[in-house]
Undergrad: 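Have a look at this one.
Just so we're on the same page: letters track the sequence lines, and every chain starts at 1.
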Amino acid sequence: MCDCCKGHELPKTYDHSEVEQKWYAFWEEHGYFSHKNNAGGEPFSVVMPPPNVTGQLHLGHAVDNTMQDILTRWHRMQGHQTLWVPGCDHAGIATQAKVEEHLAKDGVSKYDLGREAFVDKVWEWKHQYHDRIVRQLKMLGSSCDWDQERFTLDEGCNDAVNEVFVRLFNEGLIYRGTYIINWCPKCQTTISDIEVEHSDHAGHLWYLRYPLADGTGYVTVATTRPETMLGDTAVAVNPADERFSALVGKKIMLPLMNREIPIIADDYVDMEYGTGAVKITPAHDPNDFEMGLRHNLPQITVIGKDAKMNENAGAYQGMDRDECRAAVVKAMDELGLLEKIEDITHAVGECYRCGSVIEPLISPQWFVKMEPLAKPAIEAVKNGDIRFVPQRFEKIYLGWLENIRDWCISRQLWWGHRIPVWYCGDCGEVICQKEEPHTCPQCGSAKLTRDEDVLDTWFSSGLWPFETLGWPDMEEMAKLKKFYPTSVLVTGRDIIFFWVARMIFTGLHFMEEKPFSDVFIHGLVLDAQGRKMSKSLGNGIDPIEIIEQYGADPLRFMLITGNTPGNDFRFQMERLEASRNFCNKIWNASRFVLMNLDDYQPGAGELKYSLADKWILSELKAAAASISANLGKYELGEAARAVYDFTWDYFCDWYIETAKPRLYGEDKQERYTAQTVLVQVLDNILRLLHPFMPFITEEIWQALPHEGETIMLAAWPQADAMPDYPAEAEIMRLNMEAVRAIRNIRAEMSVQPGKKVELIFATDTAAEGLKQGEMYIKALAGANSMTILPANSGKPEQAAAAHIRGVDIYLPLKGLIDLDKEIARLDKEIANMDKEIKRLEGKLANQGFLAKAPEAVVAGEREKLAGYTEKRQSLLARVDELKGLN
RNA sequence: GGAGGUAUAGCUCAGUUGGUUAGAGCGCUCGCCUCACAUGCGAGAGGUCACAGGUUCGAAUCCUGUUAUCUCCACCA
């Protein structure tokens, strides 16, 4: 090999850890990840779903980032100007909770530190975890543009958040109001509706008797939360319910509290459920809250933010809500007002973070008015401007947005974007602006205090596609213009509501343009038993350990094969091993190629393509076309499988074997041609595989003779530009069939693997083709001679037979043939043919089929029938001959 | 209470607009350390495509229902 080619022999074993580190560093040093490469190319941009900065990468991230990396690398190789923006999310509640937990170990609370010092602590924490996440992303091979890395709480994002908040405020789309919200007593903050998780719990339905104030009887109400009766301000019945029609308008004397409350009528009440009469607690139930507004009922808060009964709870003040429940039931029972207790299961709302039971509370909070924002977000998906892959997720998305309620965005936390609102201590003016005001614009007072709350984390991550591209900084407009809207968003289906929907409506509102064209949704990674991976089950798998043991390439390959977009899939070590074995296969095939290039000089000779060359080049073209087409459809698994099959089955199992006799033969031109095709096909395999397995492909590619610094920027194989030779490929396939048939006979007749045999073919139609393939048939089927006779002329006696398209194959086995065994073998094959022939004859006798099926299909079936019939006759004739000998 | 996913070989899963003798990996059987690879090579066995109807010349594929299983959504106290 010439000096210009850096070719060298590869070590016997592939050391992934050394190779991976080496090439990642190489790529980074040379700036290959930068969006400045391929300048002028069609833009392709992706923003990384920012991992929570307090966490570490789990397999979900690994899938997500592998998919993004595959798409990014694929586009980069196509000459597109790619930008993949990495970043982390500050993850308000999660991070704050972690740091609080950490501090608690030393007996320190956030209040001991104070807001500023506490936030400093969280930043320290953030840096530590951030570095770990970046390291993990790099280990995975992520080719993101690290110079563009962002953090949802960095200055730029803060600027974007303030800009958005102020604009929405001025547009009347953000408002502050006192409504019933979801309160987490443990996290001590509000959470939004989607952060409440509902799960079924065994509970009770208590039937409580509420005496009428006039002493004429009582109304029985059923409740799952007796403790809230202390805050009841009405009993409601359905207006159509005749059982209660006489009672509407009367008063109840609320037991334990001795307050009079009205009996009201409201359509909301379900006559079928419970007793048909419902106690109404506007301050502690969202439905009751609504009803309270409709009927002007007082709101009596009896449970505080600590989930304990407050001063309005009378004798129960200070009790925990559960404790109070027991006490109330007991007291009612003692008063003879407990009618019965029913066991039920019902959904209980819990905090997604800590699992505490959510307490609905009335509290002043900030909200985003959703209806005007949701409308265009719905429209953009309905009209196909934004496309979900797989499409079924569109329904989920639309269903949510169509029933959306206003979004509570204020959080009683310290870690996050502080709400840009100040209150005037003198005149009460509410000042919302990006810069801190010094005096009240209304009264000039300097007594201004800033709102204590921070924003929901998703408020900032919802701006991710444009804030990371520089918005609203005017100096970044060129980049924004080039890469917005981004090309595709890759994410798990679990955050369609939390994140995807919000990016869409903020993008449409502020950029007046969708944030991305495609939303590529993937499923969850489950454990080998099909369970969700979770901390509590302890069944989580650390991708880093996998990478250390097997390498990033096998992990990546395993994560995207063997499943369909959007479906969950199981993590199985067997599949990981299969991927690892594939790496090994490529490694060794490459070693084989390289160790046969000692005298090879690219372009230095005349090519003389043989059958096998033309066949593999034709198959390469087909594989390249299939891989590109599948990548274009986000069928990553199918694309990867196509590379795998082509590489293993066609290239390794067949082509390399056909190359051997030519590499080791006398003919210099044949050797040179085989070398050229081996190198060429391997080079294409590496490029086709590179998006999936970036490391091993770079390692091998660097050892091959070619131009270019890195496979990352090598041209993606374009099927359109590749040659194919359908006729020769077909002849090669016939030869391959012959080889398989002979190998089958050898195995079934227990011919020693090393033993060379003589072959006799009888054919009129395929003689030329077999002659062309003689070298391969001999080498691959273990033959030392091949005789081609006219059809029906052979009939050697001591021989095993087979038949393939127009060819009788005989394998003379003097003394080795057990006639009965051979007849039985042939009979089995004949029976097989009989079955198929019968099926096809039936089909072709069907007038409907002949009349309505496309001609090509009918012709195809006829051809098949002819083939089977011919084979059957040939084998039958052979059986007759053998029987005659018997 | 709604909505959706899944059901194909012993296991885990592919099968892209209806037409292939229904495929892969692992496992299993038989034979091989054949000078790239035993993380391998060659040859096999193994499936009434959950069940019942329907549409069609033709269904694993489309429609309806049933069953099983997973998931999401939901203000029935």
Undergrad: What is the distance from CD1 of A:Ile180 to P of B:rA77, rounded to the nearest Å?
TA: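 In whole Å, B:rA77 P and A:Ile180 CD1 are 15 Å from each other.
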Undergrad: Measuring only the C1' atom in each nucleotide, how far is B:rG54 from B:rG44? A whole number of Å is fine.
TA: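 So the two C1' atoms sit 40 Å from each other.
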Undergrad: Who is the Watson-Crick or G-U wobble partner of B:rG18, with both distances under 3.5 Å?
TA: none
Undergrad: Roughly how far apart, to the nearest Å, are B:rG47 and B:rC73 at atom P?
TA: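 One P to the other, the span is 42 Å.
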Undergrad: Check every strand shown and say whether A:Arg225 touches a base, only sugar-phosphate, or nothing at a heavy-atom separation below 4.0 Å.
TA: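 Nothing, no nucleic acid heavy atom in range.
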Undergrad: Counting the atoms with a prime plus P, OP1 and OP2 as sugar-phosphate, which does A:Lys756 contact under 4.0 Å by heavy atoms, base, sugar-phosphate, or nothing?
TA: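 If one applies the 4.0 Å heavy-atom cut-off, A:Lys756 turns out to touch nothing in the nucleic acid.
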Undergrad: So which one's nearest nucleotide on RNA chain B is more toward 5', A:Asn846 or A:Arg641?
TA: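 Its nearest nucleotide lies further toward 5', so the answer is A:Arg641.
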Undergrad: Check the distance between B:rG5's P and A:Asn563's CG and give it to me in whole angstrom.
TA: 17 Å
Undergrad: Contact class for A:Lys864 vs. all strands (heavy atom < 4.0 Å): base, sugar-phosphate, or nothing?
TA: sugar-phosphate
Undergrad: Reckon A:Ala589 touches a base, only the sugar-phosphate, or nothing at all at heavy-atom distances under 4.0 Å?
TA: base
Undergrad: Checking all strands, does A:Tyr644 fall into the base, sugar-phosphate, or nothing category for heavy-atom contacts under 4.0 angstrom?
TA: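 Sugar-phosphate contact only - A:Tyr644 comes under 4.0 Å of backbone atoms but never of a base.
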Undergrad: With sugar-phosphate meaning primed atoms plus P, OP1 and OP2, does A:Phe582 contact a base, only sugar-phosphate, or nothing at under 4.0 Å between heavy atoms?
TA: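 The residue A:Phe582 makes no contact with any strand.
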Undergrad: For B:rC13, give its Watson-Crick or G-U wobble partner with both distances under 3.5 Å, or none.
TA: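 Paired with B:rC13, as far as the under-3.5 Å criterion goes, is B:rG23.
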Undergrad: Any luck finding a side-chain donor-acceptor pair between A:Thr658 and A:Lys660 under 3.5 Å?
TA: no
Undergrad: Regarding A:Glu342 and A:His204, do their side chains bring together a donor and an acceptor under 3.5 Å, going by distance alone?
TA: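 No, A:His204 and A:Glu342 have no side-chain donor paired with an acceptor closer than 3.5 Å.
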Undergrad: Taking only the C1' atom of each, what is the distance from B:rU48 to B:rU8 in whole angstrom?
TA: 12 Å
Undergrad: Using purine N1 to pyrimidine N3 plus N6-O4 or O6-N4 for Watson-Crick, or N1-O2 and O6-N3 for G-U wobble, both under 3.5 Å, which nucleotide pairs with B:rC76?
TA: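 None - no nucleotide pairs with B:rC76, as no candidate has both distances under 3.5 Å.
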Undergrad: Between the side-chain atoms of A:Glu657 and the base atoms of B:rA36, is any donor-acceptor pair under 3.5 Å?
TA: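 Yes, a donor-acceptor pair under 3.5 Å.
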Undergrad: Please report the distance separating the P of B:rU61 from the corresponding atom of B:rU56, rounded so that it comes out in whole Å.
TA: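 Taking atom P in both B:rU61 and B:rU56, they lie 16 Å apart.
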Undergrad: Roughly how many Å is it from OH in A:Tyr397 to C1' in B:rC73, rounded to a whole number?
TA: 17 Å
Undergrad: Side chains of A:Thr281 and A:Asp232 only: does a donor on one sit below 3.5 Å from an acceptor on the other?
TA: yes
Undergrad: Assuming nearest nucleotide by heavy-atom distance, tell me which of A:Arg580 and A:Asp288 is located more 5' along RNA chain B.
TA: A:Arg580
Undergrad: Let's test your reading of the model: under 3.5 Å, does the base of B:rU12 pair with the side chain of A:Arg575 as donor and acceptor?
TA: no
Undergrad: Taking B:rA45 as the reference, what is the distance to B:rA68 when you measure between their P atoms (whole Å, please)?
TA: 37 Å
Undergrad: Identify which nucleotide among B:rC41, B:rG5, B:rA36 has an atom closest to any side-chain atom of A:Trp648, counting heavy atoms from C-beta outward.
TA: B:rC41
Undergrad: Given atom CG of A:Leu398 and atom P of B:rC73, what is their separation to the nearest angstrom?
TA: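 Whole-Å distance recorded here is 16 Å.
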Undergrad: Expressed in whole Å, how much space separates the P atoms belonging to B:rU67 and B:rA24?
TA: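 About 36 Å, rounded to a whole number of Å.
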Undergrad: Select base, sugar-phosphate, or nothing to describe what A:Tyr268 touches, counting heavy atoms under 4.0 Å on all strands.
TA: base
Undergrad: Between the side chains of A:Arg531 and A:Gln529, is a donor N or O closer than 3.5 angstrom to an acceptor N or O?
TA: yes
Undergrad: Base, sugar-phosphate or nothing for A:Gly754? Non-hydrogen atoms, less than 4.0 Å.
TA: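 Since no nucleic acid heavy atom lies under 4.0 Å of A:Gly754, the category is nothing.
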Undergrad: A:Val269 near the nucleic acid: base, sugar-phosphate alone, or nothing, with a heavy-atom cut-off under 4.0 Å?
TA: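 The residue A:Val269 makes base contact.
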Undergrad: What is the nucleic acid contact for A:Asn630, judged by heavy atoms within less than 4.0 Å: base, sugar-phosphate only, or nothing?
TA: base
Undergrad: Output one letter per nucleotide in nucleotides 27-34 of chain B: B when a protein non-hydrogen atom lies under 4.0 Å from the base, S when only the sugar-phosphate is that close, - when neither is.
TA: ----S---
